[in-house]
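Please read the structure below before turning to the comments.
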Amino acid sequence: MTTRPRLFVPTDLVPGGPVALDEAQSKYLFRVMRLEVGNEVRVFNGRHGEWLARVTEILGKSAGILKVEEQLRGQHKLTDLQLLFAPLKKTRTDFVVEKATELGVEVIQPVITEFTQSERVRTDRMERLAMEAAEQTERLNMPRVCDAKPLMLALSELPDDRRVYYCDERGDDEAAEWGGEDNRARPMADVLNEHHVGSAAILIGPEGGFSPKEREVLRKLDGVYPVSLGPRILRAETAAVAALTLYQAICGDWRAAGDGTGTDE
């Protein structure tokens, strides 16, 4: 793994083109990494692959200019995978966003359910966390982070051909602990093994799961598959990581050969 710093930038990347650094990027390169004029940086923008750039100006350690030199990797498409999840408390939401980025999610969509305990979602914070995770994990893009929406609205806006796997730990017996064994969802691995690679979304509910009304509606929707993540009740953030890992291992880009760089592209 190269030790050259790596940054996400919105700028178009072409040979000889300039890249203006913002304050946070400049502080990281010049104060933390102690780069000087002439040092190399890797940059990517989610559209043009990854490029080698070089520091050409340092403006008081709070601004700077890079010059794009040559392409290191072409742009590749990640698995067409979305994550819909009910917002959690601050640090736990941070965890979900970071791990979803590492695991190759393309769209992160917070959803408000009946049992959601934290409805305040800072999209700007989530975007920053996603960007940092993308830089560290060698992705060639960063996921799109959406504003929070009511669950059913978010589902209605998905394309018709996108399968939705929703993690449902409950059975249908309301008198039994966690719904008993009646009509329990099938193991997620079994359901995924019946499907081919394609557009998919994973839906993770809040602590306490989905309400009876939400479960009733979800189980009637076409293209929505209730799945189980095993015999134990998982915390919401653990369920997100487990479900994304299963999907990538069975239907996603973990099945493709790597390029020797440790990337997920």
Side-chain angles (χ1 to χ4, degrees), residues 1 6-8 44 46 76-113 116-118 120-149 151 154 162-169 187-189 191-192 197 199-210 227-230 232-256 258 261-265:
M1 182 66 67
R6 188 169 188 268
L7 295 178
F8 175 86
F44 67 105
H76 300 287
K77 181 176 175 58
L78 286 164
T79 301
D80 187 6
L81 179 61
Q82 295 190 18
L83 173 66
L84 286 68
F85 78 103
L88 305 165
K89 292 181 180 179
K90 179 181 175 182
T91 57
R92 295 167 66 189
T93 291
D94 292 351
F95 178 88
V96 171
V97 172
E98 180 182 84
K99 300 312 170 188
T101 304
E102 292 180 21
L103 288 165
V105 168
E106 283 287 293
V107 178
I108 298 175
Q109 173 66 70
V111 295
I112 306 303
T113 69
T116 297
Q117 297 180 5
S118 177
R120 184 174 181 270
V121 180
R122 284 191 54 189
T123 305
D124 59 337
R125 177 180 176 84
M126 294 171 64
E127 288 176 339
R128 186 176 73 253
L129 290 166
M131 182 178 70
E132 292 172 353
E135 291 172 345
Q136 295 168 1
T137 55
E138 299 288 323
R139 282 183 63 147
L140 289 176
N141 70 349
M142 61 176 282
R144 178 165 58 91
V145 179
C146 303
D147 292 329
K149 296 179 180 178
L151 171 61
R162 185 175 298 276
R163 300 188 187 101
V164 178
Y165 303 97
Y166 90 94
C167 300
D168 185 7
E169 70 281 354
M188 185 173 184
V191 176
L192 292 175
V197 176
S199 298
I202 291 173
L203 170 60
I204 305 292
E207 296 297 329
F210 299 97
V227 294
S228 168
L229 293 174
R232 289 165 293 278
I233 304 302
L234 304 179
R235 290 170 66 117
E237 67 269 31
T238 307
V241 172
L244 292 172
T245 299
L246 274 173
Y247 182 86
Q248 291 290 47
I250 296 173
C251 295
D253 57 13
W254 286 13
R255 301 168 68 250
T261 65
T263 70
D264 58 1
E265 266 71 39

If you define the side chain from C-beta out and look only at heavy atoms, does anything of [X] sit under 4.5 Å from [Y]?
X: Cys146; Y: Thr123; answer: no
X: Ile202; Y: Met188; answer: yes
X: Asp80; Y: Arg162; answer: yes
X: Leu103; Y: Leu81; answer: no
X: Asp94; Y: Arg125; answer: yes

Task: Identified side-chain contact (heavy atoms from CB on, under 4.5 Å) counterpart of Leu203 within the set Asp168, Leu151, Thr113 - done: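 Considering Asp168, Leu151, Thr113, a side-chain contact (heavy atoms from CB on, under 4.5 Å) with Leu203 is found only for Leu151.
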
Task: Lys/Arg N to Asp/Glu carboxylate O, Lys99 vs Glu237, below 4.0 Å - done: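 No, Lys99 and Glu237 are not salt-bridged.
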
Distance check, rounded to the nearest 0.5 Å: [X] atom [atom1] versus [Y] atom [atom2]?
X: Leu244; Y: Ile204; atom1: CG; atom2: CD1; result: 7.0 Å
X: Glu138; Y: Glu102; atom1: CD; atom2: CD; result: 12.0 Å
X: Phe85; Y: Thr116; atom1: CZ; atom2: OG1; result: 10.0 Å
X: Gln248; Y: Leu192; atom1: CD; atom2: CG; result: 10.5 Å

Using modelled atom types only, decide if a donor and an acceptor are shared between the side chain of [X] and the backbone of [Y] within a distance under 3.5 Å.
X: Arg6; Y: Ala134; result: yes
X: Arg122; Y: Asp124; result: no
X: Glu207; Y: Ala236; result: yes
X: Glu135; Y: Phe8; result: yes

For the residue pair [X] and [Y], what are the closest heavy atoms and their distance?
X: Val145; Y: Glu127; value: CB-CG, 3.8 Å
X: Leu84; Y: Ala201; value: CD1-CB, 3.9 Å
X: Lys149; Y: Ala154; value: CB-CB, 4.4 Å
X: Met126; Y: Ile108; value: CE-CG2, 4.0 Å
X: Leu229; Y: Ala239; value: CD1-O, 3.6 Å
X: Met142; Y: Ala130; value: CE-CB, 4.2 Å

Open item on the list: Using a 6.0 Å cut-off, check whether atom CZ of Arg144 has over 12 heavy atoms from anything other than its own residue.
Closed with: no

TODO: Could you list the residues that satisfy side chain to side chain donor-acceptor pair (under 3.5 Å) with Arg128, not counting sequence neighbours?
DONE: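 For Arg128, no residue satisfies side chain to side chain donor-acceptor pair (under 3.5 Å) once neighbours in sequence are set aside.
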
TODO: For the residue pair Tyr166 and Phe210, categorise the inter-ring angle as parallel (less than 30°), tilted (30 to 60°) or perpendicular (more than 60°).
DONE: perpendicular

Task: Worked check of side-chain contact (heavy atoms from CB on, under 4.5 Å) between Val96 and Leu83 - done: CA-CA 10 Å; Val96 171; Leu83 173 66; 3.7 Å; yes

- [ ] Could you please spell out the steps behind the side-chain contact (heavy atoms from CB on, under 4.5 Å) verdict for Val121 and Thr93?
- [x] CA-CA 9 Å; Val121 180; Thr93 291; 5.7 Å; no

